[in-house]
Amino acid sequence: SQQGEEDPQALSIQEGENATMNCSYKTSINNLQWYRQNSGRGLVHLILIRSNEREKHSGRLRVTLDTSKKSSSLLITASRAADTASYFCATDARGGRRALTFGSGTRLQVQP
Amino acid sequence: ETGVTQTPRHLVMGMTNKKSLKCEQHLGHNAMYWYKQSAKKPLELMFVYNFKEQTENNSVPSRFSPECPNSSHLFLHLHTLQPEDSALYLCASSLGGTMNTEAFFGQGTRLTVV
């Protein structure tokens, strides 16, 4: 089973609305990261939150982390059509392999 | 541009062919990774290299053979692949031996095995 699993699998909203994506994971982590992928392209790093942090902001992005529930959320405020992409959470597991483990992603469609 | 360059961007090969994927970064990173992304599946880690040494092989079939001649270059040699190996192959790099900082990904090589 995957370390990180996103919810929902797909999300369709109107431009200007907020988009919230959730991620759950199974093991203790050093940090959790969110990435964005446009169709068929490479992943682009959005934000990293460490295990001792609870919330982090970057522009229109807000990430929360609840280590007791092993979950994280990514909020994109005032969405734009250009935000249309797949969003992945990735975990750096404590004591685990020296690489990120990714979830299946949330496909976000922002309608203009 | 993330600073990680993958070539070729697209590759079609027969099951008896031998081909290589190339990844290059000049970010000063010491760790490089190969991931496989198949349709409707999470990214699968294949190999990890730290300071040119392979530190992780995620039970990848031997028809995939990685090579890391230096910290800036990573290759994936392919031979006698199967149609189910068709996927997007992504290379990534990070600063240190653990991904406690962000990873930089290339644009990927879209591989089709016919």
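Computed from heavy atoms alone, side chains included, the values below leave out hydrogens, waters and symmetry copies. Chain letters run A, B, ... following the sequence lines, proteins first, then strands; residues in each count from 1.
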**Request:** Could you tell me whether the side chain of Tyr33(B) and the main chain of Leu100(A) form a donor-acceptor pair under 3.5 Å?
**Result:** no
**Fill in**
Tightest non-hydrogen contact, residues Gly103(A) and Pro42(B), listed as O-CB, 3.6 Å
**Request:** I would like to know whether Leu90(B) and Arg41(A) meet side chain to side chain contact (heavy atoms under 4.5 Å, CB included); could you show each step before the answer?
**Result:** CA-CA 9 Å; Leu90(B) 292 163; Arg41(A) 308 292 293 274; over 6 Å; no
**Message:** Looking at every heavy atom in both Tyr35(A) and Ala103(B), which two are closest together, and how far apart are they?
**Reply:** OH-N, 2.9 Å
**Message:** Grouping I, L, V, M, F, W and Y whenever their side-chain heavy atoms are under 4.5 Å apart, do Leu43(B) and Trp34(B) come out in a common cluster?
**Reply:** no
**Prompt:** Would you find more than 12 non-hydrogen atoms of other residues, nucleotides or ligands less than 6.0 Å from Arg9(B) atom CZ?
**Reply:** yes
**Prompt:** Are Leu88(B) and Phe75(B) connected in the hydrophobic side-chain network, where two residues link if heavy atoms are under 4.5 Å apart?
**Reply:** no
**Request:** Spell out, yes or no, whether Met46(B) and Leu21(B) are grouped together once hydrophobic residues are joined by side-chain heavy atoms under 4.5 Å, including indirect joins.
**Result:** yes
**Fill in**
Heavy-atom nearest pair, Leu43(A) first then Phe105(B), reads O-CB, 3.3 Å
**Message:** Quick check: is Tyr89(B) connected to Phe102(A) through a chain of hydrophobic side chains (ILVMFWY, heavy atoms under 4.5 Å apart)?
**Reply:** no
**Asked** What part of Gln9(A) lies closer than 4.5 angstrom to a heavy atom of chain B: side chain, backbone, both or neither?
**Response** neither
**Asked** Is atom NZ of Lys52(B) surrounded by more than 12 heavy atoms (other residues, nucleotides or ligands) closer than 6.0 Å?
**Response** no
**Request:** Would you indicate whether the side-chain heavy atoms of Glu102(B) and Asn31(A) approach each other to under 4.5 Å?
**Result:** no
**Prompt:** When you look at NZ of Lys19(B), are more than 12 heavy atoms from neighbouring residues, nucleotides or ligands closer to it than 6.0 Å?
**Reply:** no
**Message:** Less than 4.5 Å to any heavy atom of chain A: does that hold for the side chain of Gln37(B), its backbone, both, or neither?
**Reply:** side chain
**Request:** Return the minimal non-hydrogen interatomic distance between Leu45(B) and Ala99(A), and the atom names on each side.
**Result:** CD2-CB, 3.5 Å
